[in-house]
Amino acid sequence: MAENPETGQQVPDTTSEPVLRTGRAADPLPARPDAREAGEPDKRTPAEPAPAPALEQSVAESEVTEEGGEPDGSERLLAESRQRKLRLLLRQCDRVLLMDFDVLAMSGWPDNYAMAAARRRRDIWILSAVVAAALFLSGLSSFVPAWLAGGAFGAFVIILLLGVPVIRRVYSSQPSFLDLVLLRQRLLSDARRHAAHLEGEAGLVWQCVGMADFNPALKNTRFSELVRLSERRALPRYLRRREHVRLYLIFLLEAEKAYGRVQQAFFEGNQVAIDRGWQSVAAEPEPRT
């Protein structure tokens with residue numbers, strides 16, 4: 001090395017041979033197979049990382065699933081059990097689709113105001129007939145003049161004729177109290193007959209309670225009496241008032257909502273089974289005999 005005369009520092013001599021100084025790391029040696037087998041650390045360069053064990057495990061699990069291994073088999077059994085349950089619910093509760101809303105709602109039901117007005121007209125008619133009959137009978141006993149008794153007799157006959165339905169419809173379009181009572185009885189009878197048709201021999205209400213997972217409203221305590229009577233096959237006989245029929249209608253509306261959700265879940269599960277190739281799960285239900 002030469003010395004700089006101006007600064008007194010040594011200047012490296014570029015003409016001489018290169019000198020190896022201490023502190024420089026040696027070049028890495030190639031990995032030996034025997035060392036890897038003996039458990040020695042892998043001396044690979046950062047450019048060649050070792051394969052991740054989690055990736056290998058996920059690849060192995062995916063291969064097992066694709067070959068129909070245990071995870072896929074358990075999912076298949078669960079899907080088959082669920083589809084069987086949904087298919088059973090659809091078969092048991094399919095009569096809910098036959099519900100006639102107009103019959104059970106009894107939209108033509110006479111309200112209390114119409115009943116009160118008809119009852120008042122009936123009372124006036126009866127009172128007029130009684131007064132005319134009393135005047136006529138008083139004339140027979142000479143308590144009133146004969147002309148007044150004769151007029152009362154004629155009024156009594158006319159009042160009776162006005163009470164005949166055929167003649168009453170000529171001068172008035174309003175229904176009588178008896179007509180409204182008969183209309184109520186007819187509507188209630190039609191609703192009970194339709195409820196008996198829906199219930200059938202097995203009982204519809206207590207079977208639809210099985211769809212409560214898709215509509216929690218079916219588990220409401222106000223429906224407990226309906227469920228108990230339906231299980232005993234005695235529900236139509238106890239629908240004696242309009243409030244009972246309307247409660248039955250509300251339950252069927254909630255059951256109809258649950259039936260739609262069960263049907264949608266069944267179709268989605270069937271489509272998933274078809275996509276995965278599970279023919280036994282996606283099989284169509286057997287025809288009903």
Side-chain angles (χ1 to χ4, degrees), residues 61-105 191-239 244-289:
E61 291 179 357
S62 62
E63 292 178 355
V64 172
T65 304
E66 291 177 357
E67 294 176 359
E70 183 177 355
D72 184 69
S74 61
E75 291 183 4
R76 183 172 181 174
L77 291 177
L78 290 176
E80 187 174 358
S81 176
R82 185 171 184 271
Q83 289 297 103
R84 190 183 303 111
K85 178 181 177 181
L86 295 179
R87 189 183 298 115
L88 180 61
L89 287 176
L90 292 177
R91 292 190 60 181
Q92 288 179 344
C93 306
D94 56 355
R95 299 181 70 88
V96 75
L97 301 178
L98 303 177
M99 177 189 63
D100 193 337
F101 180 83
D102 295 333
V103 174
L104 294 180
R192 294 177 61 183
R193 192 180 302 111
H194 185 57
H197 172 68
L198 294 177
E199 287 294 310
E201 298 180 357
L204 178 64
V205 171
W206 77 276
Q207 288 182 334
C208 291
V209 177
M211 299 187 296
D213 294 338
F214 296 89
N215 189 0
L218 296 177
K219 289 185 177 180
N220 198 308
T221 55
R222 61 176 177 171
F223 300 135
S224 59
E225 188 67 17
L226 293 179
V227 175
R228 186 180 63 83
L229 294 174
S230 177
E231 189 175 3
R232 293 169 49 190
R233 315 296 192 272
L235 179 58
R237 295 198 303 268
Y238 285 87
L239 298 178
H244 301 162
V245 179
R246 292 183 69 87
L247 183 62
Y248 181 73
L249 174 61
I250 293 173
F251 181 89
L252 291 185
L253 291 176
E254 297 293 341
E256 190 176 15
K257 295 179 184 178
Y259 188 88
R261 296 171 185 173
V262 172
Q263 196 173 30
Q264 183 66 24
F266 176 77
F267 289 153
E268 291 178 357
N270 200 41
Q271 186 63 39
V272 171
I274 293 176
D275 295 340
R276 295 191 178 184
W278 298 339
Q279 298 299 328
S280 60
V281 179
E284 297 182 356
E286 299 179 358
R288 305 182 71 176
T289 57

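Just so it is clear, the structure is predicted and the values come from calculations on it, not from any experiment.
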Under 3.5 Å donor-acceptor, S81 side chain and L78 backbone:
no

At their closest point, which heavy atom of F214 faces which heavy atom of L86, and how far apart are they?
CZ-CD2, 3.6 Å

Which pair of non-hydrogen atoms, one from G269 and one from Q83, has the smallest distance, and what is that distance?
CA-OE1, 3.6 Å

H197 NE2 to D100 CG distance, which is reported to the nearest 0.5 Å
10.0 Å

Nearest non-hydrogen partners of Q92 and L204, listed with the distance
O-CD1, 4.1 Å

For L97 against Y259, the heavy-atom pair lying closest together:
CD1-CE2, 3.7 Å

Side-chain donor/acceptor pairs under 3.5 Å, residues 244-258, sequence neighbours excluded:
from: H244; atom 1: ND1; to: Y238; atom 2: O; distance (Å): 3.3
from: Y248; atom 1: OH; to: E199; atom 2: OE2; distance (Å): 3.0
from: E254; atom 1: OE1; to: N215; atom 2: ND2; distance (Å): 2.9

Scanning both residues in full, the closest heavy-atom pair of S230 with V205 reads OG-N, 3.3 Å

Under 3.5 Å, side chain of H194 to main-chain N/O of L104, donor-acceptor pair present?
no

Does R261 form a side chain to side chain contact (heavy atoms under 4.5 Å, CB included) with F266? I'd like the steps, not just the answer.
CA-CA 9 Å; R261 296 171 185 173; F266 176 77; over 6 Å; no

Nearest heavy-atom pair of R192 and R237: which atoms, and what distance?
NH2-O, 3.4 Å

Any side-chain heavy atom of R95 within less than 4.5 Å of one from Q207?
no

Within a strict 4.5 Å, meaning less than it, do heavy atoms of the D213 and K85 side chains meet?
yes

Is there side-chain contact between V227 and V209, with heavy atoms separated by less than 4.5 Å?
yes

